[in-house]
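See below for the structure under consideration.
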Amino acid sequence: MSNQIIADIFDLLAKLMEIHGENSFKVKTYSIAAFRLEKIADQVALMTPEQMSTIPNIGAAVVQKIQEILETGGLAVLQEYLEKTPPGVVEMLSIKGIGPKKIALLWKELGAESIGELEYACNENRLVALKGFGAKTQESILKSIAFIRSNQGFCLWSEAETFATQIWKKLRTVYPDNQTDYTGDYRRQMPTMSSIDFITDLSIEQLKAQLGRIPEVSFTEEATQLSVHIPNAPLVLFQLCNAEEFLLHQFYSSASPAFLEAFDNKFKVPEIIRDEAEIFTQNKLQYIPPYLRETTSILEKAATQELPMLIQPGDIKGIIHNHSTYSDGIHTLEQMANATRDKGYEYLVISDHSKTASYAGGLQVEKVMAQHEEIEKLNQKMAPFKIFKSIESDILGDGSLDYEPEVLATFDLVVASVHSNLKMTEEKAMQRLLTAIQNQYTTILGHPTGRLLLSREGYPVDYKLLIDACVAHNVVIEINAHPRRLDLDWSWLSYAMEQGAMVSIDPDAHSMDGIDLVKYGVLASQKGGLTKERNLSSMGLAEFERFLAERKK
DNA sequence: GCCGTTTTCGGCCCGACTGTTTTCAGTCG
């Protein structure tokens, strides 16, 4: 069992206890325990009770509960709290802007036992009468509920990947003479999707024979479609067709409606197709991979053979924007460096949090200097592999970075990101961002909109203005590769490239495993038509050093 | 519930901000 799963249990326990008005220090203890468990590198499941109790804030009671979780898979006391809390009240924890205390009031004072009831109460203007609530809170709750609604049933590409590949492998192994393949949003590499779609010439019976073995699975059948419902997993949809029409159906189910309409207006699917590429070659078009079948303009480019060679996972040469135990990472600087080198990359850019990010262990100036010393020592030991001195500097309320210029000057490069006060008008957001972009020490603008896919909208930005400003001030725009961020969004890449912008696919890794997230950034960037020439992290070590030297002038 | 001792219990707690208050509780990253 992973530390994260155990941590989530303690986190939920703390929140439920708070809703039920338990002793706040007791609540805090479980909450801190959850935080600690998330932040340690070693697997708690493999520790002895004595080892567990050496973790700060993990005492006898928490150790006992961890053991119970490991032995039984659950926690009796959590179950008790869950039983005396309506499921809808637990769900309210996902509403941004309200926490356990306010939820308790909404439940006890207002009698709201579900998100639906809460929404109704907001619309009836009944929250303003509650102590601690007002018109603005009511408004923000309604907005948050609308956001949750619009994302319900969606999953991230990375979440879909696990299920999709398992199912694909299984069916291809058991039925090697049949055709089964990805289609729909998953094949198009959409960052989020409402279902994992397959196209197959298998029968419903054949599919059920295999997928029926999944515990607690259920099915919904239609004439040419089988929906597979797996508990705690994305919806899986099988589109059924006969073998002869497989490629045709796959083509028509893995592109945007706009793309297909434009295609049908000008081109024809050949009578006989042996592989999907023929659909394009027979029309004198360059092959357009599924992830690019979004806009109509891509067809024009394919007609004039102008599609460039797009970035591939292997084109990432350096790992930029990472965290270590100096701030909120779970592995040490040396572990991160070794992992990066062992995975075949040429350099690591360590960008721990800056001093304002106290919640994330942001670095005071003395710690920055200590880290720089360690980097220099490691660089001597690890050459030709190189670690670059960087920082993820918070963009403060007024747009300034949170160190003195003398300190900022000691970094090889600076990633500037907004982490606090995310609730802003577009005007305010742009003012902060533009000020940060104009700062001579800003090398990369980190996760430009602050969005978290399916869980947080991010502050509103004027994309064109933002991109233009980055180009004008020679600031690299990050494509944060975390599958929940993928920020800048792929849909703005073509504009960014037209304007001559440079981007950087960065994993924002908080652990050694986190380095592998670059893959998701590459997949999303492919949709935007990114070439490796325009990606900073595709530069080899020498080129990267030249870039930084040039930038410093 | 955990910690750190001033060994038997008192004090814990990041800091900014927001929306609510009319001095601060709740939330967030």
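Worth knowing before you read on, the calculation uses all heavy atoms, side chains too, and leaves out hydrogens, waters and symmetry mates. Predicted model only: the values in this text are computed from it and were never measured. First the proteins, then the strands, lettered A, B, ... as listed; each starts at 1.
Considering only the side chain of K101(A), dT27(B) comes nearest among dT27(B), dG1(B), dG19(B).
The phosphate of dC28(B) (OP1 or OP2) has no side-chain N or O of R456(A) nearer than 4.0 angstrom. Within the structure, a side-chain polar atom (N or O) of T137(A) is placed less than 4.0 Å from OP1 or OP2 of dT20(B).
Glycosidic conformation at dT6(B) (O4'-C1'-N9-C4 for purines, O4'-C1'-N1-C2 for pyrimidines): anti, more than 90° from 0.
Spacing between dA16(B) and dG4(B) at atom C1', rounded to whole Å, works out to 30 Å.
Atom pair K26(A):NZ and dC3(B):C1' shows a separation of 17 Å (rounding to whole Å applied). What separates CG of N421(A) from P of dT27(B) is a distance of 17 Å, to the nearest Å. Going from atom NZ of K96(A) over to atom P of dC28(B) covers 7 Å, rounded to whole Å. At whole-Å resolution of the value, CZ in R451(A) and P in dC28(B) are 21 Å apart. Taking atom CG of D508(A) as the reference point, atom P of dG29(B) lies 14 Å away to the nearest angstrom. Between the CG atom of L105(A) and the P atom of dT20(B) there is a distance of 13 Å, rounded to whole Å.
Here the shortest heavy-atom pairing between M424(A) and V418(A) reads CE-CG1, 4.3 Å.
Contacts of A357(A) with the nucleic acid, taken as non-hydrogen atoms under 4.0 Å apart, are absent. Contact annotation for A60(A): backbone-only contact, meaning every heavy-atom pair under 4.0 Å involves sugar-phosphate atoms and none involves a base.
A stacked arrangement is assigned to F25(A) and the six-membered base ring of dC12(B), with a centre-to-centre distance below 5.5 Å and an interplanar angle below 30°.
Other residues, nucleotides and ligands place more than 12 heavy atoms under 6.0 Å from the CD atom of E426(A).
Nucleotide dT8(B) forms a pair with no other nucleotide shown, judged by Watson-Crick or G-U wobble geometry with both contacts under 3.5 Å.
Annotation: cation-pi pair K84(A)/Y81(A) present, NZ/CZ under 6.0 Å from the ring centroid and within 45° of its normal.
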